[in-house]
2 protein chains.
Amino acid sequence: MDAAQIDQVRRFNRTVTERVGVLHDRYLGRDRPIGEARLLWEIGEAGLDVRLLRERLGLDSGYVSRLLRSLETDGLATVEPQLRDRRVRTVRLTEKGRTERALLDGRSNELASSLLEPLNTPQRARLVAAMAEVDRLLTAATVTLAVVDPDHPDARHCLLSYFAELRQLFETGFDPARSLLPDAGELRPTRGLFLVARLHGEPIGCAGVKLPPGAPAEIKRMWVAPQARRLGLGRRLLTELETRAARNGCDTLRLDTNKALTSAINLYHSFGFQEVPAFNNEPYAHHWFEKRVTAPSYPTEAA
Amino acid sequence: MDAAQIDQVRRFNRTVTERVGVLHDRYLGRDRPIGEARLLWEIGEAGLDVRLLRERLGLDSGYVSRLLRSLETDGLATVEPQLRDRRVRTVRLTEKGRTERALLDGRSNELASSLLEPLNTPQRARLVAAMAEVDRLLTAATVTLAVVDPDHPDARHCLLSYFAELRQLFETGFDPARSLLPDAGELRPTRGLFLVARLHGEPIGCAGVKLPPGAPAEIKRMWVAPQARRLGLGRRLLTELETRAARNGCDTLRLDTNKALTSAINLYHSFGFQEVPAFNNEPYAHHWFEKRVTAPSYPTEAA
DNA sequence: AAGGTTCTCTGACTAAAGTCAGAGGATGGA
DNA sequence: TCCATCCTCTGACTTTAGTCAGAGAACCTT
C-alpha cells in the first residue's frame, strides 16, 4: 500500500484522537465513570434487556450487573424481570436517568460545537463535508462480506427485504413464485454461493451466484439495504463474486434485471457488463447482461 | 450553530472513535500497557529529559518515575542524570527499546493499512484526501490566539522568525533598523496590541496593531510560520485585530507591505483592503492598503 | 418430574492508571 | 555558606475497568 497514504492516515489518527479525545474527556468525562455513561447512553429512552445491553457493549455479565446496581442506587435506572421470561431483566431509565442522559447529550453537542467554533463559515462547511466523507468511507471499510447458507437467518432477512422492495418498485409488482428464482440448493457450495454483507453484525446486503459447471455463472438476488447505499457495496459484492467465480474456473458472468432498477443497471455497465439478447425467459427481466471474466490471477479484494 | 453540522460532527466522532479505537486496541494494545507504550513512543530515538517527557504527556511525576523504572527493568531504557544539571535526568532507549519502538511503529502502519484495505483504489484516494482535510481543519481549529506583551518570549520568537524570513524574501534584504518599525510600546495596550497564535503551546504566528487615538489603526508584523500556512490563520489574525480595533472605536485599518509578499497581498485584497497611495515612507514598502471598518456589532471570532 | 440450559447476580480477584504527600539530593542566589 | 527551589523518587492510596468461578432462579425439553 502507498506509504504516503499510510502516513496521512496516521497523521489523521493522531490529530483526531488527540483533539477529539482531549475534548471528549473535558466535556463528557466530568462526573461519571465512562462505563456508567456508556450504559446510560445505550439503555436509551425506551429501555433495554440486560443481555442485549451486554452484547452491544461487549461487556462481562458480572461487570454490567455491578454497573447497573450502581445506576440503581443513584436512582438513575430500574431493573425489572421481563414479563414473558423472568430470567431476562429489563433496564429502564427513571426520570432522573433521562435527565442525566439528556445532559450527556448536551455535552456531546458542546463538544461538537467546540470543534467548529474557532473556524469561519467556509472552513466549517469544508470540515463538515470532509467529516461526512471520512465517516462514509470508514463505514464502507467496516462492512464485512461472508459466504453463508441461503437459509441462514441473515440471508433470509436480506432476501425478504429484497422481495419487498421489488414488489414496490416493479410496475407489475413482484411475486417470487412467478420468477425464475434459483432454489436455495443452487446458491450453496458447490453449485453456487451466497454472500451476505454485514455492518456491525447487521445484514445489510447480499448477492448470490449460480456456478453451473461448464456454463456461464449467473448472478442472482443482489441487494443493498437503503441505509447502506452509496458505499460502493454493490461493486464490492460483484468484485467478490467475480473473483470467486473465476477461481472456480468460470469465464463468463451473466445476469438479468428489471428496467426499474436503474442504479443497478448503471453499476453493471460501469463494472464491464455488456447488454446481450435475452438468454432466459424471466418474466420480470427487461435487460440481460454478460461479462467475460479475466484469469483469476489478480488479488482478492478482502472478505 | 447549525444543528445538521453538529449532527455530522457527532456521527464522525462516533464512527472514528469506534473504528479507530477498536483497531487501535487490537493492534497496539497487545502486550504492553498503554502508559509504557506512550512513554516508549515519546522518548523517541534521541532520548529526552524526564521533565519534558512528563510535560508532554501531562502525567504525574511519581507515575512517570514508576513507568520509567518498569522500562528500565525490562531493559528498554536507561535513565541518567543530565551533565549540566544533575537534578534533571535524561531517558534514552537501549537497543532493545529501539526495537520495541520500531515494532510499535510497524503496528501503527498495520492499523492504518487495515483501515484502507477493504476499499478500492478510488475510495482509498477519497478517504485519504478527506482525512487530510479533516486533519488540516482540526489543526486550524486547535490554534489559539492570545494578546501578549511584545517582549514575551513567544512574541520575540515570532518576530525574529519574521525578520529572518523578510531578509530572505526581499530583493534588498531586510535590516530592522532601517524600517519604520513601531517600538514595542506602540504595540502594548493601550497604545496598541500584539497577538500570538499558538498550536500545542508553540508560537506559530503573530500580528500587531497600533491604535493611535483618532487616527487609522495600523497593522504591523503579521507573520505565520511556514508549517502553519494554509490554515486560514492570516485571516483569523486579521479578523481578530479588526474586531478589537473596532471595539476600540477605530474606523479605518491601514497597512503597508512589500511586493515580495504576494500571498499576504492576496489576503489583504480578499479581506476587503483597497490599495491606496503611500501614507508613509517605509523604505521596504511597495503597496499601501486601507480598509473601512464597520461598526463593532458583529460577534467576535473566538480567542 | 428431571435434567440441562439460560440469564443474572455475588464474591473474590487483578491490572492499569493515576494521585498525593513527603524525602532527599542538586543547584542557584543572596 | 545557607536557604529556597527544583527535580526525581518512594510509599501509600484510590478509582476504573475488568475477569473468573460459581450460585440460584427461571425456563425448556423430554
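Here is the naming used below: chain letters follow the sequence lines, and residue numbers restart at 1 for every chain. Owing to the predicted nature of the structure, the values given are computational and were not obtained by experimental measurement.
Using a 4.0 Å cut-off, no side-chain N or O of A:R87 falls inside it from OP1 or OP2 of D:dC28. A:R89 has a side-chain polar atom (N or O) that falls below the 4.0 Å cut-off from OP1 or OP2 of C:dC9.
Between B:R124 and A:D2 there is no salt bridge, since no side-chain N of the basic residue sits under 4.0 Å from a carboxylate O of the acidic one. Salt bridge B:K96/B:D74: absent, no basic N to carboxylate O contact under 4.0 Å.
Residue-to-nucleotide contacts include no donor-acceptor pair under 3.5 Å from the side chain of A:R66 to the base of D:dG18. Side-chain N/O atoms of B:S61 and base N/O atoms of D:dC9 include a donor-acceptor pair closer than 3.5 Å.
Looking only at side-chain heavy atoms (C-beta outward), B:L231 and B:V224 stay at 4.5 Å or farther from each other.
Checking each of A:L71, A:L68, A:L93 against A:L76 for a side chain to side chain contact (heavy atoms under 4.5 Å, CB included) leaves exactly one that passes, namely A:L71.
Mapped onto DNA chain D by nearest heavy atom, A:D60 and A:R86 fall at different nucleotides, with A:D60 at the one closer to the 5' end. Nearer to the 5' terminus of DNA chain D, by closest-nucleotide assignment, is the contact made by B:R69 (compared with the other of B:R69 and A:L83).
Atom pair A:L59:CG and D:dT19:P shows a separation of 8 Å (rounding to whole Å applied). Protein atom OH of B:Y63 is 13 Å distant from nucleotide atom C1' of D:dT15, rounded to whole Å. As a whole-Å value, the separation of B:L68 CG from C:dA17 P is 15 Å. B:L71 places its CG atom 16 Å from the C1' atom of D:dC9, with the value rounded to the nearest Å. Distance, A:R84 CZ to C:dT6 P: 19 Å, rounded to whole Å. One interatomic measurement links the two molecules: CG of A:L52 to P of C:dC7, which rounds to 10 Å at whole-angstrom precision. Nucleotide C:dG18 holds its C1' atom 12 Å from the CZ atom of B:R38, rounded to whole Å. At whole-Å resolution of the value, CG in A:L53 and C1' in C:dT8 are 13 Å apart.
Across all strands, B:L67 comes closer than 4.0 Å to no nucleic acid atom at all (heavy-atom distances). Note on B:G62: a base of the nucleic acid sits closer than 4.0 angstrom, heavy atoms only.
Here the side chain of B:S65 is nearest to one of C:dT8, C:dA16, D:dC9, namely D:dC9.
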Q: Decide salt bridge (charged side-chain N to carboxylate O under 4.0 Å, His left out) for A:D60 and A:R66; before the verdict, give the C-alpha distance in whole Å, the side-chain angles of both, and the deciding distance to 0.1 Å.
A: CA-CA 10 Å; A:D60 175 85; A:R66 237 175 292 271; over 6 Å; no
